Amino acid sequence: MSAILTAPLTVEFPFTRSVGPVQSAFLTGLREQVLLGVRTGDGRVLVPPVEYDPVTAEEIRDLVEVAPTGTVTTWAWNHEPRRGQPLATPFAWVLVKLDGADTALLHALDAPGPDSVRTGARVRVRWAEERSGAITDIACFEPYDGEPVEPAGHTGEFADAITGIVAPARLDYTYSPGRAQTGYINALGGRRIVGERCPSCRKVYVPPRGACPTCGVATAEQVEVGPGGTVTTFCIVNIKAKNLDIEVPYVYAHIALDGAGLALHGRIAGIPYDQVRMGLRVEPVWTEGSRYPDHYRPTGEPDADYETYRETL
Amino acid sequence: MTREAPRAAGVRDIAVVAFAQTDHRRTSEEISEVEMLMPVLHEVMESTGLKTADIDFTCSGSSDYLAGRAFSFTLALDGVGAWPPISESHVEMDGAWALYEAWVKLRTGDADTALVYSYGKSSPGSVRDVLTRQLDPYYVAPLWPDSVALAALQAQALIDAGTADEPALAAVGARSRADAAANSHAQPRGPVPQGDYLVRPLRTGDCPPIGDGAAAVVLAAGERARDLCERPAWIRGIDHRIEAHGIGVRDLTDSPSTRLAAERAGAYERPVDTAELHAPFSSQEVILREVLGLDDGVRVNPSGGALAANPIMAAGLIRIGEAAARIHRGESDRALAHATSGPCLQQNLVAVLEGDPR
Ligand SMILES: [Zn+2]
């Protein structure tokens, strides 16, 4: 069997998130170098603040400024920073209880080494030079041996409070389609289309995924199908997709390749869009260097009889 | 809850009647998720003699973030054999929570049998980075604190509290891997070096192996369970609880959600002889043992636990399966199974399983 295919796969998205009044005050405060917490009904101050009391679930909005200095409540030495983390040089992850707060904030502590960090250590905020209203406006914490800094008693009201954040996320994968789909993709490279036959119901699946979803058993017997096929159903696309260089309107269709037990889908070209019909006989068109059919075009054969493709609808 | 009315009129006893799992391995790139899952589904079904059409309810657990694809569970469903049409559900959680949903379904009387499965392939991505995406997206996730870093904060809190030290943590890992030597499904089997710090104070030996794997369980109610299994593992109680998502709000050396779930599941009513704890990090086992009141007379993680095989999304279901299998084999009469999800034991599920008296 040929080697299993793999390919890099990156999932990347700039999540745009709205914030409520409490989060807005906290994040805007970071932009303005003001640290805010929220007071619960029983008088505790939560930093970072939340909109609902974690104990009573009561809505809480009583903002209170806390100090940019605080105490490490626990820590962990990170000698190999990973992508996206606050510092690129070795640092300590810390939970810091800011002076005036009853709960701890997670962030990074810039320290020379693990021997210089301990629970109970005094630290202060190091602000990022450019701030936008995000947790990363705190660049990190740094060791601090001075007096506590008294907060000025900010109300949490800001002239131009932020209403949302953009949180970019990126994850990298090495995608492998597994045995069955590797066989399919490799055959496409040779301009052949192969499916796999279910040993139980004898249906031929194209593209194959290694299992018959009806019977729940592994499929293994490779079967070449097509190249000719029949349009079983179709739609007319009238909206141009971004980055897709195809003139609208065009037709996207389900195509039952000869010998296949179910239809796959593909674009129909080489015929005016309003002349595509159920039963139209088509064949794949491969463009130079392509590993899969670019589209399907009419073969010129008479239309297929409904009875020949009704099972694949 | 079962604790209040364990066998009240109209309330059905539900049991785990079969369990199967893959061999958990660092990578399985040669097979797709469904190709990995299918042998496990066949094994668990064959051991009961049930066909897909005999299963009243199917529930699965998995994660799109591990797969890097949306609706990835729909492809795995191909392995079930959905003809005639089936009643199916999915949780974006460990399979232990899928089992909870199935248990509820059986309790309502809507179903007599259920198939529960879960799977995860960590090998295509970087699981430490992937798990950051389950964190608070405003205050925490933008800092990308990985799963080992968060567990390390918890471990240091435990050390500061004087509850454990690094040698004690190392001993947890060593015992787990020694027990795993007898478990052909486990990933590291037998002694492994404690290794270097991944994030201090946690060394590689304190952390779970990263791997791919799948598991499946069949549940059945009442007499149906006795038909399908010689010694069913009756679920006497099951409960799950969650704590504040902000880890700076919690006392990291304690696990009140586990305590409450265990109480509601009836775990404290009588001693258990076996406990399968989903503790991916050595420090978490220390916390769970304390909270659950497990003394040295209780066999903890005879399978090797999550420190020997931690396929994300399946490792919790495997704890229930391993506990049940010991009852099936007559090696346990009353076992506790625990599953966790989220950073630093944020969410916890506890089930109490019993075999019929012998
Ligand atoms: Zn079939």
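Naming: A, B, ... by sequence-line order, numbering from 1 per chain. Computed from a prediction, not measured in an experiment: that's the story for all the values here.
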Specify which of [options] makes the most heavy-atom pairs with chain A at under 4.5 Å.
options	answer
B:Leu202, B:Val34, B:Val130, B:Thr52	B:Val130
B:Asp136, B:Ile31, B:Asp146, B:Val80	B:Asp146
B:Ala67, B:Ala82, B:Ala152	B:Ala82
B:Gly246, B:Ala149, B:Pro85, B:Ala141	B:Ala149
B:Glu33, B:Met36, B:Lys51, B:Arg128	B:Arg128

Side chain, backbone, both or neither: which part of [X] has an atom under 4.5 Å from a heavy atom of chain B?
X	value
A:Ala108	neither
A:Arg82	side chain
A:Leu46	neither
A:Gln23	both
A:Pro168	backbone
A:Pro86	both
A:Leu30	neither
A:Thr214	both
A:Arg118	neither
A:Pro90	neither
A:Leu105	neither

I need the [X] [atom1] to [Y] [atom2] distance, nearest 0.5 Å.
X	Y	atom1	atom2	answer
B:Met38	A:Cys212	CE	SG	9.5 Å
A:Ile135	B:Tyr138	CD1	OH	13.5 Å
B:Leu153	A:Thr74	CG	OG1	5.5 Å
A:Leu95	B:Arg250	CG	CZ	10.0 Å
A:Arg170	B:Trp144	CZ	CH2	9.5 Å
A:Trp93	B:Gln156	CH2	CD	16.0 Å

Practice item. Among the options A:Ala211, A:Gly216, A:Ser200, A:Ala167, pick out the one with the most heavy-atom pairs lying under 4.5 Å from chain B. Key: A:Gly216

Practice item. Name the option with the most non-hydrogen atom pairs under 4.5 Å to chain B; the candidates are A:Pro114, A:Gly178, A:Ala218, A:Pro213. Key: A:Pro213

Kindly say whether [Y] contributes a backbone atom to a donor-acceptor pair with the side chain of [X] at under 3.5 angstrom?
X	Y	result
A:Thr103	B:Val249	no
A:Tyr173	B:Arg69	no
B:Glu35	A:Arg179	yes
A:His79	B:Arg200	no

Specify the closest pair of heavy atoms between [X] and [Y], including all atoms of both residues, with the distance to one decimal.
X	Y	answer
A:Ile165	B:Pro137	CD1-O, 3.8 Å
B:Gly68	A:Val11	O-CG2, 3.6 Å
A:Gln85	B:Pro145	NE2-CA, 4.3 Å
B:Pro142	A:Thr136	O-CG2, 4.1 Å

What do you reckon, is [atom1] of [X] surrounded by more than 12 foreign heavy atoms closer than 6.0 Å?
X	atom1	answer
B:Gln134	CD	yes
B:Asp196	CG	no
A:Glu311	CD	no

Review point. Where do A:Phe26 and B:Tyr139 land on the ring-ring contact (aromatic ring centres under 6.0 Å, His included) test, with the steps shown first?
Key: CA-CA 10 Å; A:Phe26 176 70; B:Tyr139 301 152; 5.0 Å; yes

Would you mind checking which part of [X] comes under 4.5 Å of any heavy atom in chain A, side chain (CB onward), backbone (N, CA, C, O), both or neither?
X	answer
B:Ile159	neither
B:Asp160	side chain
B:Leu158	neither
B:Ala244	side chain

Check your understanding: Going through the distances and angles, do B:Arg133 and A:Leu171 end up as a side-chain contact (heavy atoms from CB on, under 4.5 Å)?
Key -> CA-CA 9 Å; B:Arg133 299 302 92 190; A:Leu171 294 170; 3.9 Å; yes

Exercise for review: Apply side-chain contact (heavy atoms from CB on, under 4.5 Å) to the pair A:Arg209 and B:Leu75, showing each step before the final yes or no.
Suggested key: CA-CA 8 Å; A:Arg209 294 203 295 253; B:Leu75 298 182; 3.4 Å; yes

